[in-house]
Structures are given as structure tokens and as C-alpha cells.
Chemist: 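This is the structure I have questions about; it appears just below.
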Amino acid sequence: MADDSNTPAFHFQLLDKQFAVTSQKDFTDSLSKWGLGPTMRLQAYTYDRMLQPYETQRFVKDFFRDPNVTSTLLVVSGSTWAPLGVMATSATAEEVPASVTSLGFFDRLEDEGVVRSDKSIQKCFDDWVEDFQISDELRKLLLLEDSDNFTLFSHEDRQEFIFRVFQHLVLGGSCCQYEDTIDAYYELTKSLYKDLVGVVKDPETQKLRVVSQVFKVTASDDASVYYPSWKPHQQTFAYLVVDPYKRQLYTWYHQWGKGIWG
């Protein structure tokens, strides 16, 4: 790893960007139904110089230390949204694979009967896993390793960003009304993935290729992790998605809980 101690810090500026998934009514209606609308936020920033592969940790730490970020990056605070307002002393960045370019990745759900030919989701006996009600084979596949269909997706498949997007949407927020059919989950997964991830056509193969880098991130002060939350939960998360072609990054944040529902 190269020594970046003598390189200048990265600097960031908030962008006024509309994301389809949070601006189009059919999408926002679904997010609200799933309990994600009030507690999920996407934001966009520019950064001022090229990101080298060895600078990832520095880049993320600089992001959470930049006054332009701490004064604009929004988090759920009680019953409202508020700027983060805290400068990090440390930060973590877990690289998330992002190589998938098609919803065909999920065709196996229909091939194996988790989703029926009419797009309805196969039901099962009700069960609970921690905070999640399981009433169909899809949520069972996502949450239970002893599900008959758990191995439809390998460990590597489950690390892919598109799988994480899909899983976060299906599991929803703390006040979630689940879908009986798969279509809305696919539509939102496609839109959110397209909002966040940049692709180009490879000139040699003529196939689409993801160019964005995705990181699951946390920020800490001297006491503990405070971003995305001091209280961990499977559905409390924050991702940074970096587009090196545009020199932009997008944040996707969600905090589990009642939030602005009150």
C-alpha cells in the first residue's frame, strides 16, 4: 500500500441530484408501503481529485471529516432528518462486489418455484426471525440458512450489490407491508441499482460492465460507531457508491426503527 500521508485530502461538495427511485410516485408509494420511505435517503456528492485504488480508506475517512459533508449528510434524528454534524475520528469501508448488469440474476427464483409463473410469491407457514415476519419462501430464502432454497444463491452471489439491494427492499422497514407478487421488488431493485451504479459498454465484448465501486461504510468518533447508527441492525446500513468517470459518489442510507413515523 502506498503512503498517502503527503497527499492532499479529498474534498466534497453536495450535488442537487434527483434519483428516480425517490422522485417517481409509483416508486415512492412502494417504498412507503414497505416502511422504507420515511427512513431511507439517497444523496450525491462530487469529489475533487482522482481516487487511486490504495486510497479507499483515506477517501472514506476524508468524506466523514469534510465540513461540507457533516453539515449536509442527512440522518434520522428522533422524528426528523438532521445533518450528521459529527466529524469522524475513524471510518471503515468494506468493498462490495458489483458485477451484475441484469435482473436475469434472479431468474432462478422462478426456475425453482419460489416465484410462480404468474409472478406470485410462494407462501409458507408464518414464522418470525428477530424483527422479521416470514410468510413466504422469498423471505425464508433471504433469512434462513435451513431454507430449502437458501443455496439458490451462493455466498458470493449474496455479496453482490444487486442482491443486497434486492434483500434490503424485500425486508423493508419496521412498518412493512409485504408484496404478494415479485414485480414491484424487481422494478425498485432495477431503478435503485440504475440510480446508483454506473455502467459502460465494453468496446471489445460489446457487453455492459459496471465501473462504479461500492463500499459499505461506518463512521466512528472516540466513543463508538455513530453512522449509520450506534445501534446495529441488519436493515440499518450505509453504502457509498463511487463513479470514477463522473467523479461523483452517491450515498444510500437507511436506519431501522420508527424514525419520522413518530
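This chain uses plain numbering: 1 for the first residue, then up along the sequence.
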Chemist: Can Arg41 be said to sit on top of Trp81's aromatic six-ring, NZ or CZ under 6.0 Å from centre and within 45° of the ring axis?
Modeler: yes
Chemist: Do Arg49's NZ or CZ and the ring of Phe10 fall within the cation-pi criteria of under 6.0 Å and 45°?
Modeler: yes
Chemist: Calculate, to the nearest 0.5 Å, the distance between atoms CE and NE2 belonging to Met40 and His254 respectively.
Modeler: 8.0 Å
Chemist: To check you understand the geometry: which heavy-atom pair defines the closest contact between Val60 and Ala91, and what is its length?
Modeler: CG1-CB, 3.9 Å
Chemist: Pick from Tyr239, Phe237, Phe64: which one makes a ring-ring contact (aromatic ring centres under 6.0 Å, His included) with Tyr227?
Modeler: Phe64
Chemist: Phe12 ring centre to Arg65 NZ or CZ under 6.0 Å, with the angle to the axis within 45°?
Modeler: no
Chemist: Would Phe161 and Val165 count as a side chain to side chain contact (heavy atoms under 4.5 Å, CB included) if you check the C-alpha gap in whole Å, the side-chain angles of each, and the deciding distance to 0.1 Å?
Modeler: CA-CA 6 Å; Phe161 187 50; Val165 170; 3.8 Å; yes
Chemist: Under 3.5 Å, is there a donor-acceptor pair linking the side chains of Asp29 and Ser32?
Modeler: no
Chemist: Any carboxylate oxygen within less than 4.0 angstrom of a Lys/Arg side-chain nitrogen, looking at Asp180 and Lys123?
Modeler: yes
Chemist: Please give me the minimum heavy-atom distance between Asp126 and Gln133, naming the atom from each residue.
Modeler: OD2-NE2, 3.5 Å
Chemist: Without swapping roles, check the side chain of Ser212 against the backbone of Val241 for a donor-acceptor pair under 3.5 Å.
Modeler: no
Chemist: Quick one: CG on Leu103 to OH on Tyr186, what's the gap to the nearest 0.5 Å?
Modeler: 7.5 Å
Chemist: Give the intermediate values and the outcome of side chain to side chain contact (heavy atoms under 4.5 Å, CB included) for residues Thr7 and Arg58.
Modeler: CA-CA 10 Å; Thr7 58; Arg58 165 74 178 275; 3.2 Å; yes
Chemist: Report yes or no: does Ser154 contribute a side-chain atom to a donor-acceptor pair with the main-chain N or O of Asp157 at less than 3.5 Å?
Modeler: yes
Chemist: Using only atom types and a distance under 3.5 Å, with no angle test, would you say the side chain of Asp136 pairs donor to acceptor with the backbone of Gln122?
Modeler: no
Chemist: Step through it carefully: locate the ring centre of Tyr45, locate the ring centre of Phe63, and say whether they are under 6.0 Å apart.
Modeler: yes
Chemist: Can you see which heavy atom on Glu55 is nearest to which on Met50, and at what distance?
Modeler: OE1-O, 3.7 Å
Chemist: Less than 6.0 angstrom from the centroid, inside 45 degrees of the normal: does Lys17 satisfy that with respect to the ring of Phe19?
Modeler: yes
Chemist: When clusters are formed by joining ILVMFWY residues with side-chain heavy atoms under 4.5 Å apart, either directly or through shared neighbours, do Leu74 and Trp230 land in the same one?
Modeler: no
Chemist: Do Leu144 and Ile121 sit in the same hydrophobic cluster, where Ile, Leu, Val, Met, Phe, Trp and Tyr count as joined when their side-chain heavy atoms come under 4.5 Å apart?
Modeler: yes
Chemist: For the NZ atom on Lys33, are there more than 12 heavy atoms of other groups (residues, nucleotides or ligands in this structure) within a distance under 6.0 Å?
Modeler: yes
Chemist: Quick one: closest heavy-atom pair of Ala20 and Phe27, and the distance?
Modeler: O-CD1, 3.5 Å
Chemist: Atom CD in Gln255, atom CG in Leu36: separation rounded to 0.5 Å?
Modeler: 13.0 Å
Chemist: Under the side chain to side chain contact (heavy atoms under 4.5 Å, CB included) criterion, do Phe106 and Ile162 qualify, and how do the steps go?
Modeler: CA-CA 10 Å; Phe106 296 106; Ile162 198 168; 4.1 Å; yes
Chemist: Is the number of heavy atoms from other residues, nucleotides or ligands under 6.0 Å of Gln18 CD greater than 12?
Modeler: no
Chemist: How many angstroms lie between atom NE2 of His233 and atom CH2 of Trp256, to the nearest 0.5 angstrom?
Modeler: 4.5 Å
Chemist: Determine whether the aromatic ring centres of residues Phe153 and Phe163 are separated by less than 6.0 angstrom.
Modeler: yes
Chemist: I'd like to know if the side chain of Tyr178 and the backbone of Ser135 have a donor-acceptor N/O pair within less than 3.5 Å.
Modeler: no
Chemist: Any side-chain donor paired with an acceptor under 3.5 Å for Gln248 and Tyr250?
Modeler: yes
Chemist: Answer yes or no: is there a side-chain heavy-atom contact under 4.5 Å between Leu42 and Thr251?
Modeler: no
Chemist: Could you pull out the closest heavy-atom pair between Leu169 and Trp34, with the gap in Å?
Modeler: O-CE3, 3.8 Å
Chemist: Does Phe105 have Arg108 sitting over its ring (NZ/CZ under 6.0 Å from centre, angle to axis within 45°)?
Modeler: yes
Chemist: Check whether any side-chain N or O of Tyr253 sits under 3.5 Å from a backbone N or O of Val76 as a donor-acceptor pair, and report yes or no.
Modeler: yes
Chemist: Answer yes or no: is there an ion pair linking Glu95 with Lys216, defined by an N-O contact shorter than 4.0 Å?
Modeler: no
Chemist: Write down the atom of Leu171, the atom of Phe132, and the distance for their closest heavy-atom approach.
Modeler: CB-CE2, 3.9 Å
Chemist: Which other residues belong to the hydrophobic cluster containing Val211, where Ile, Leu, Val, Met, Phe, Trp and Tyr are joined when side-chain heavy atoms lie under 4.5 Å apart, directly or via other members?
Modeler: Val200, Tyr245
Chemist: Do other residues, nucleotides or ligands put more than 12 heavy atoms under 6.0 Å from Asp127 CG?
Modeler: yes
Chemist: Quick one: list whatever passes side-chain contact (heavy atoms from CB on, under 4.5 Å) with Thr218, sequence neighbours left out.
Modeler: Thr92, Val225, Pro228
Chemist: With no hydrogens and no angle check, just 3.5 Å: does a side-chain donor-acceptor pair link Ser147 and Asn149?
Modeler: no
Chemist: Indicate if Val129 and Leu138 have the same hydrophobic cluster label, given that clusters are the connected sets of ILVMFWY residues with side-chain heavy-atom separations under 4.5 angstrom.
Modeler: yes
Chemist: Does any N or O in the side chain of Asp195 come within less than 3.5 Å of the main-chain N or O of Leu192, such that one atom is a donor and the other an acceptor?
Modeler: no
Chemist: Check the hydrophobic clustering (I, L, V, M, F, W, Y; side-chain heavy atoms under 4.5 Å; chains of links allowed) and say if Val217 and Leu14 are grouped together.
Modeler: yes
Chemist: Looking at Gly85, is its backbone amide N or carbonyl O close enough to the side chain of Thr70 to form a donor-acceptor pair, meaning the two atoms are under 3.5 Å apart?
Modeler: no
Chemist: What's the spacing between Tyr193 OH and Thr189 OG1 if we round to 0.5 Å?
Modeler: 11.0 Å
Chemist: Are Glu160 and Ser99 linked by a side-chain donor-acceptor pair shorter than 3.5 Å?
Modeler: yes
Chemist: Between atom CG of Leu51 and atom CG of Asp62, what is the distance when rounded to the nearest 0.5 Å?
Modeler: 10.5 Å
Chemist: Within the side chain of Arg116, is there an N or O that forms a donor-acceptor pair under 3.5 Å with the backbone of Thr181?
Modeler: no
Chemist: Apply side chain to side chain contact (heavy atoms under 4.5 Å, CB included) to Val170 and Leu142, showing your working.
Modeler: CA-CA 9 Å; Val170 172; Leu142 294 175; 3.6 Å; yes
Chemist: Scan side-chain atoms only and decide if Arg164 and Gln159 contain a donor-acceptor pair under the 3.5 Å cut-off.
Modeler: yes
Chemist: Hey, is CD on Gln206 packed in by over 12 heavy atoms from elsewhere, all under 6.0 Å?
Modeler: yes
Chemist: Under 3.5 Å, side chain of Gln43 to main-chain N/O of Thr72, donor-acceptor pair present?
Modeler: yes
Chemist: Examine distances only and state if a side-chain atom of Gln13 and a backbone atom of Tyr47 form a donor-acceptor pair shorter than 3.5 Å.
Modeler: no
Chemist: Is any side-chain heavy atom of Leu143 less than 4.5 Å from a side-chain heavy atom of Gln234?
Modeler: yes
Chemist: Are there more than 12 heavy atoms of other residues, nucleotides or ligands under 6.0 Å from atom CG of Asp222?
Modeler: no
